[in-house]
Structures are given as C-alpha cells and as structure tokens.
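All values below were derived from every heavy atom in this structure, side-chain atoms included, with hydrogens, water molecules and symmetry-related copies excluded. Numbers for residues simply follow the sequence, beginning at 1.
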Amino acid sequence: MNPKHPRDKRELCYPFIFETRLQCDYEIATDELCSQVGAVMAMLPDGVDEVAVDLDRLQRLIYNLNGSVRGRLGIFEADLDWLKGRYDHYNEVTRGRVTGFVLPRGPMPVPTLHLCRCGAKKVVRLLVRLEEDGVAFDPILYRFSNLLANFFFVLTVHLKGQMGIPEVEYVSINY
C-alpha cells in the first residue's frame with residue numbers, strides 16, 4: 001500500500017498534502033489564518049458586534065484568498081476597497097493610541113489577533129516564494145494579504161482601547 005494514496009480516504013487529511021510545490025503550504029497557511037480568526041471570534045468581548053461582523057466577512061474572504069492561487073481568483077477590488085474602509089475606520093477610532101512600536105500583548109483575544117497579523121505576513125511571504133517558483137497569480141493577492149496584516153494590527157489597538165488596556169511601547173536598541 002502507498003501511504004500517499006490511501007484507499008481509505010479517512011487516512012488522507014487534504015487531497016494535496018503530499019505535494020512538494022508551495023501551493024499546498026500556502027493553502028495550509030491561509031486555512032490556519034482563517035482558523036485563528038475563528039478563535040478570535042470565539043473570544044470577543046461583549047459590545048464589539050461591529051468587529052464580529054467584520055471578522056465573519058473576513059473569514060470568507062480568507063478562504064477566497066486560499067483558493068486564489070490553485071483555482072479561480074476569489075479576491076476582487078471591491079474586497080480590497082471594503083477592507084481598506086474597515087482599516088480606515090478602526091485607524092480613525094484609535095487615532096493617537098499608538099505612536100511607535102508596541103509589544104504584542106494584552107488580554108484575549110488580542111494575542112490571537114497578533115498571531116493573525118503574523119499569519120497574514122506568512123501568507124505574503126508564501127506568495128513571494130510562489131512567484132519566485134514561477135506560479136502566476138493576480139497581484140491583488142499581495143495587496144490584500146499585506147492590508148490584512150495591517151488590519152489585524154489596527155484591530156488589536158481598537159480592541160485594547162475598548163477594554164481600557166494601554167499599549168506598551170517598545171523602543172528598539174537595533175535601529
């Protein structure tokens with residue numbers, strides 16, 4: 001029996017799991033990001049209904065991002081415009097709360113949102129690697145994924161503000 005082609009489909013977690021191409025790694029990274037967003041949603045404090053609605057829509061967009069390399073493009077200018085609008089909204093609400101680099105900490109679900117931010121950066125890096133390997137995809141995927149990382153950051157600032165938690169500044173000794 002070949003373990004890479006089991007007769008029993010229960011022994012195969014994902015149809016492309018044994019591929020050596022980066023598409024599979026990209027799809028797993030976007031799946032993980034979508035799952036982390038779900039974890040954030042499960043931990044949201046009361047009174048942040050607008051955030052819950054945004055994250056609900058974002059989960060679907062992340063799965064559209066997931067299939068946009070192997071399959072048909074699922075991220076469009078309207079999605080990018082929506083996310084820019086939500087970013088601008090939370091950025092305006094939190095204006096002045098962050099003036100430099102801050103430590104990624106706070107009560108739940110803030111640390112998980114920071115993990116989402118890091119996950120979005122990993123997605124960008126995988127897109128870089130995919131392009132380097134000759135995989136063609138629409139550049140909107142870069143734009144959306146970068147914006148996604150920035151959105152998650154501003155959302156951490158917003159939630160901490162809602163909870164009355166101050167940001168903790170970090171001053172680098174390296175730069």
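A salt bridge links Glu77 with Arg143: the closest approach of a Lys/Arg side-chain nitrogen to an acidic carboxylate oxygen falls below 4.0 angstrom. Contact check on Asp56 versus Arg60 returns a salt bridge, with a Lys/Arg side-chain nitrogen under 4.0 Å from an Asp/Glu carboxylate oxygen. Between Glu50 and Arg86, at least one side-chain N (NZ, or NE/NH1/NH2) sits under 4.0 Å from a carboxylate O, which counts as a salt bridge.
Neither Val93 nor Leu147 shares a network with the other; the hydrophobic side chains, linked directly or stepwise wherever heavy atoms of I, L, V, M, F, W or Y lie under 4.5 Å apart, form separate groups for each. By the rule that hydrophobic residues join a cluster once side-chain heavy atoms approach within less than 4.5 Å of another member, Leu130 and Leu33 end up as members of one cluster. Under a hydrophobic-cluster definition in which Ile, Leu, Val, Met, Phe, Trp and Tyr are linked whenever side-chain heavy atoms come within less than 4.5 Å, directly or via other members, Met163 and Met108 are assigned to different clusters. Linking ILVMFWY side-chain heavy atoms closer than 4.5 Å, directly or via other members, places Val128 and Phe144 in a single hydrophobic cluster. In the hydrophobic cluster analysis, where Ile, Leu, Val, Met, Phe, Trp and Tyr join through side-chain heavy atoms closer than 4.5 angstrom, Phe152 is grouped apart from Tyr63.
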Leu141 vs Val124, side chain to side chain contact (heavy atoms under 4.5 Å, CB included): CA-CA, chis, key distance, verdict:
CA-CA 8 Å; Leu141 302 185; Val124 173; over 6 Å; no
Test side chain to side chain contact (heavy atoms under 4.5 Å, CB included) on Cys34 and Asn66 and set out the steps.
CA-CA 9 Å; Cys34 193; Asn66 174 291; over 6 Å; no
Can you check side chain to side chain contact (heavy atoms under 4.5 Å, CB included) on Asp79 and Trp82, steps first, answer last?
CA-CA 5 Å; Asp79 301 320; Trp82 172 80; 5.7 Å; no
Ile75 and Leu80: side chain to side chain contact (heavy atoms under 4.5 Å, CB included), yes or no, with the steps?
CA-CA 8 Å; Ile75 298 294; Leu80 196 62; 5.7 Å; no
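A donor-acceptor pair under 3.5 Å is formed between the side chain of Asp8 and the backbone N or O of Arg10. At distances below 3.5 Å, at least one donor-acceptor pair connects side-chain atoms of Ser68 with backbone N or O atoms of Gly74. Thr156 places a side-chain N or O within donor-acceptor distance of the main-chain N or O of Phe153, the cut-off being under 3.5 Å. A donor-acceptor contact shorter than 3.5 Å links the side chain of Lys160 to the backbone of Arg105.
Under the 4.5 Å side-chain criterion, counting only non-hydrogen atoms from C-beta, Leu22 is not in contact with Val135. Contact of the Val69 side chain with the Leu127 side chain is registered, since non-hydrogen atoms from C-beta on lie closer than 4.5 Å. Residues Ile62 and Leu148 have side chains in contact (heavy-atom distance under 4.5 Å, counting atoms from C-beta outward). Contact of the Ile17 side chain with the Ile28 side chain is registered, since non-hydrogen atoms from C-beta on lie closer than 4.5 Å. At least one side-chain heavy atom of Ile165 sits under 4.5 Å from a side-chain heavy atom of Pro107. Under the 4.5 Å side-chain criterion, counting only non-hydrogen atoms from C-beta, Asp81 is not in contact with Phe76.
The shortest heavy-atom contact between Ser145 and Ala120 is O-CB, 3.9 Å. Of all non-hydrogen atoms in Glu131 and Tyr142, the two that sit nearest each other are OE1-OH, 2.8 Å. Across all non-hydrogen atoms, the minimal contact from Leu55 to Met41 is CB-CG, 3.7 Å.
Note that CG of Leu83 is 6.0 Å distant from CG of Leu58, once rounded to the nearest 0.5 Å. Atoms CZ and CG, from Arg72 and Asn64 in turn, are 10.5 Å apart once rounded to the nearest 0.5 Å. Summarising the geometry, atom CZ belonging to Arg95 is positioned 4.0 Å from atom CD belonging to Glu92; distances are rounded to the nearest 0.5 Å. Separating the CG atom in Asn150 from the NZ atom in Lys84 is a distance of 11.5 Å, to the nearest 0.5 Å. Here the straight-line distance linking atom CD of Gln162 with atom OG1 of Thr94 works out to 10.5 Å at 0.5 Å rounding. Atoms CG and OH, on Leu155 and Tyr87 in that order, are 11.5 Å from each other to the nearest 0.5 Å.
Under the ring-ring contact (aromatic ring centres under 6.0 Å, His included) criterion, the residue pairs touching residues 90-111 are Tyr90-Phe151, Tyr90-His158, Phe101-Tyr170, with sequence neighbours excluded. Applying the salt bridge (Lys or Arg N to Asp or Glu O under 4.0 Å) rule to pairs touching residues 23-33 yields Glu27-Arg70, sequence neighbours excluded.
Heavy-atom neighbours of Asp46 CG from other residues, nucleotides or ligands within 6.0 Å: at or below the threshold of 12. Annotation for Arg57: atom CZ counts as buried by contact number, over 12 foreign heavy atoms lying within 6.0 Å.
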Can I get a per-line list of side-chain donor-acceptor pairs under 3.5 Å for residues 111-119, giving both atom names and the distance, sequence neighbours left out?
residue: His114; atom: ND1; partner: Arg117; partner atom: NE; Å: 3.2
residue: His114; atom: ND1; partner: Arg117; partner atom: NH2; Å: 3.2

